[in-house]
Amino acid sequence: MVKVSRIYKSIEFILFAVVFVSCAYFYSGSGHNENSRFDSIRAIVDEHRLIVDTFSYNSADLINVDHHYYSGKAPGLSLLGLPSFALFDRALRVTETNSDLRYHFVCYLTGVFTVGLFCALLCVFLFRYVRRGLGGTEQEAVIISLTLSLGSLIYPFGTIFFGHVVTGALCFIAFYLVQQLSVRNRGTGLKWILLAGFCLGFSFTVEFPAGIAGLAVGVYTIVRLTKIKRLNWLLPFCIAGVVGVLPLLIYNQLAFGNAFFLTYEAYKSEANTAFQAQKEGFYGIHYEFWRLTFIKQFARNLLEITILPLRGLLYLNPIMWLVPIGFAYAVRSSWRSNKGDILCCSFVFAGFIAMTAAFGDSIVYWGGGASFGPRYVIPSLPFLALPLFFALREMRTRFVFPVLAFLSA
């Protein structure tokens with residue numbers, strides 16, 4: 001009883017509960033993105049197949065392959081939501097609830113117990129990273145974790161069935177587990193490295209752009225294992241990563257007959273007339289910096305996703321103005337002790353910003369469609385705990401921090 005009481009009174013439990021209940025308060029209905037995933041789940045539950053022809057009327061985010069419709073998204077979030085959807089759907093069928101109302105309630109609960117759950121879990125790991133990884137106080141850890149969980153794009157997208165928050169949570173958890181490896185915890189370290197590898201692999205199953213964070217955290221892992229003289233753990237880490245990607249490979253093999261097929265490839269076929277910009281570049285992402293027209297478009301997109309009102313990250317979440325300042329403070333005050341963390345976090349954030357700015361030529365692409373803010377950068381936001389922590393500690397920005405955090409929330 002004493003242990004249970006301590007858990008309920010712990011800071012981590014309170015943070016988890018606050019964020020989970022806050023996310024669960026909202027139900028945003030559905031849209032093209034969510035429906036493409038719910039269609040996939042419903043096809044598996046009701047029809048025991050991956051083809052979503054029966055439900056193709058309610059989403060534009062579908063692909064046409066061999067005259068059949070499939071979700072145009074990576075399958076990871078649908079697979080995560082499958083148990084919840086099946087459980088709640090079967091439970092509510094017993095009550096003979098009206099079918100339309102039942103499906104709304106089932107979709108709501110599925111979102112809460114997948115995306116909402118990961119959003120709350122992410123808040124806990126943000127707290128742990130600041131407290132244990134950066135040596136912050138409990139008050140500083142609470143401020144940073146709640147600022148990012150409730151005062152950034154993580155919060156609104158923690159209430160809807162999109163994959164960005166889950167992807168960001170998985171990547172950051174992997175980063176934290178590797179960061180916590182040390183010479184002293186070799187006994188439990190192998191378990192952490194296996195879990196980190198799986199999280200990183202499965203993040204790619206949820207959202208393909210997770211590869212950006214996967215590259216950074218992968219290199220960070222090699223450096224970390226070398227530092228604690230455990231490079232022999234690299235193979236288990238890689239194997240766990242493959243296990244995390246395995247559901248994607250199995251899904252692709254069953255659906256398309258090609259384990260290494262990416263759903264975005266279908267947009268290049270003649271059968272798919274939607275999202276024409278994804279037929280160019282690397283699935284819509286351009287990199288022709290030798291062309292003046294592309295440089296101008298990239299610069300414009302960069303302004304749109306950072307400071308301009310319609311989608312600007314800095315406009316919608318003013319706390320983000322402290323990110324470059326925080327990185328500068330981190331380099332100045334703790335480069336020697338936190339060099340790996342600084343490089344990894346800055347690479348992840350810069351990588352997602354660059355990818356978004358290089359994606360397509362209209363708001364349908366770099367803006368994420370009908371979105372609040374540049375949603376494609378969301379998986380990188382947990383990694384901003386580091387610069388925001390140093391911005392909070394610096395006397396010159398400490399007093400403006402709560403104001404900007406309040407405005408962001």
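Atoms considered below: every heavy atom in the structure, side chains included; atoms not considered: hydrogens, waters and symmetry mates.
- Ring geometry for Phe261 versus Phe256: interplanar angle of 30 to 60°, hence tilted.
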- Task: Determine, stepwise, if the pair His32 / Asp61 fulfils side chain to side chain donor-acceptor pair (under 3.5 Å).
- Result: CA-CA 6 Å; His32 293 291; Asp61 288 348; 5.8 Å; no

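- Applying the salt bridge (charged side-chain N to carboxylate O under 4.0 Å, His left out) definition to pairs two or more places apart or across chains, those involving residues 316-342 are Arg332-Glu394.
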- Show your reasoning for whether side chain to side chain contact (heavy atoms under 4.5 Å, CB included) applies to Val142 and Ile14. CA-CA 10 Å; Val142 168; Ile14 294 171; over 6 Å; no

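- In this structure, the side chain of Ser203 engages the main chain of Leu200 through a donor-acceptor pair within 3.5 Å.
- Between atom CD of residue Glu34 and atom CZ of residue Phe162 there is a gap of 4.0 Å, rounded to the nearest 0.5 Å.
- Contact between Thr263 and Gly72 at its shortest, heavy atoms only, is OG1-O, 3.0 Å.
- Classification of the Tyr220-Phe175 ring pair by plane angle, with boundaries at 30° and 60°, yields tilted.
- Note that CG of Leu190 is 12.5 Å distant from CZ of Phe237, once rounded to the nearest 0.5 Å.
- Here the OG-CZ distance, from Ser10 to Phe16, works out to 11.0 Å after rounding to the nearest 0.5 Å.
- Annotation: Asn232, atom CG; neighbour count of heavy atoms from other residues, nucleotides and ligands within 6.0 Å is above 12.
- Counting heavy atoms from C-beta on, the side chains of Phe401 and Ile319 come closer than 4.5 Å.
- When Leu310, Ile305, Asn301 are each tested for a side-chain contact (heavy atoms from CB on, under 4.5 Å) with Pro374, only one passes: Ile305.
- Side-chain N/O atoms of Tyr329 and Arg393 include no donor and acceptor closer than 3.5 Å.
- For Arg131 (side chain) and Gln139 (main-chain N/O), no donor-acceptor pair under 3.5 Å exists by modelled atom type.
- Between Phe208 and Phe204, the ring planes are tilted. Angles from 30° to 60° get that label.
- How far OG of Ser78 is from CZ of Arg42: 14.0 Å, rounded to the nearest 0.5 Å.
- Ring planes of Tyr129 and Tyr176: perpendicular class, angle over 60° (limits at 30 and 60°).
- Side-chain atoms of Asn252 never come within 3.5 Å of backbone atoms of Phe260 as a donor-acceptor pair (strictly under, hydrogens ignored).
- Side-chain contact between Cys171 and Pro379 is absent, with no heavy atoms from C-beta onward closer than 4.5 Å.
- Distance alone, capped at 3.5 Å, places no donor-acceptor pair between the Arg230 side chain and the Leu225 backbone.
- Remark: Arg128 qualifies as a cation-pi partner of Phe125 under the 6.0 Å distance and 45° angle criteria applied to the six-membered ring.
- Closest approach of Phe127 to Ser145, counting heavy atoms only: N-CB, 3.7 Å.
- Ring-plane geometry between Phe298 and Phe294 is classed as tilted, the angle between the planes lying from 30 to 60 degrees on a 0 to 90 degree scale.
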- Verdict with reasoning, Lys227 to Val223, per side chain to side chain contact (heavy atoms under 4.5 Å, CB included): CA-CA 6 Å; Lys227 186 175 181 179; Val223 174; 5.6 Å; no

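- To the nearest 0.5 Å, atoms OG (Ser152) and CD1 (Ile378) are separated by 8.0 Å.
- Using modelled atom types, no side-chain atom of Arg311 and backbone atom of Glu304 make a donor-acceptor pair closer than 3.5 Å.
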- side chain to side chain contact (heavy atoms under 4.5 Å, CB included) between Ile342 and Phe390: does it pass, once the steps are laid out? CA-CA 11 Å; Ile342 294 170; Phe390 283 96; 5.7 Å; no

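- Within a 6.0 Å radius of CZ in Phe198, more than 12 heavy atoms belonging to other residues, nucleotides or ligands are found.
- For the pair Phe383 and Val217, the minimum side-chain heavy-atom distance is below 4.5 Å.
- Panel note: side chain Gln180, backbone Leu177; no donor-acceptor pair is recorded below 3.5 Å.
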- Message: One pair to check against side chain to side chain contact (heavy atoms under 4.5 Å, CB included): Leu109 and Ser84. What are the steps and the verdict?
- Response: CA-CA 7 Å; Leu109 290 171; Ser84 298; over 6 Å; no

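- Remark: aromatic rings of Phe88 and Phe105 are distant, center separation not under 6.0 Å.
- Minimum interatomic distance between Leu126 and Pro382 (heavy atoms only, all atoms of both residues): CD2-O, 3.5 Å.
- The line from CG of Leu82 to OG1 of Thr110 is 9.0 Å long, rounded to the nearest 0.5 Å.
- Note on ring orientation: taking the six-membered ring where Trp is involved, the planes of Phe161 and Phe38 are parallel (angle under 30°, cut-offs 30° and 60°).
- Listed by chain and number, the residues in a salt bridge (Lys or Arg N to Asp or Glu O under 4.0 Å) with Glu207 are Arg37 (sequence neighbours excluded).
- Ring geometry for Tyr70 against His68 counts as perpendicular: the plane angle is over 60°, on a 0 to 90° scale with 30° as the lower cut.
- What you find for Ser71 and Val52 is that their closest heavy atoms are N-CG2, 4.2 Å.
- No donor-acceptor distance shorter than 3.5 angstrom exists from the side chain of Ser380 to the backbone of Phe349, with no hydrogens or angles considered.
- For the pair Trp321 (side chain) and Leu314 (backbone), a donor-acceptor distance under 3.5 Å is present.
- Between the side chain of Thr114 and the backbone N or O of Gly81 there is no donor-acceptor pair closer than 3.5 Å.
- Ring-plane geometry between His104 and Tyr27 is classed as perpendicular, the angle between the planes exceeding 60 degrees on a 0 to 90 degree scale with a lower cut at 30.
- By the salt bridge (Lys or Arg N to Asp or Glu O under 4.0 Å) test, Glu47 pairs with Arg49, sequence neighbours left out.
- In plain terms, the two heavy atoms of Leu181 and Arg224 that are nearest each other are O-NH2, 3.2 Å.
- Put simply, the side chain of Tyr251 never gets that close to the backbone of Gly76: no donor and acceptor are under 3.5 Å apart.
- Summarising the geometry of Val348 relative to Ile212, their closest heavy-atom pair is O-CG2, 4.4 Å, with the distance given to 0.1 Å.
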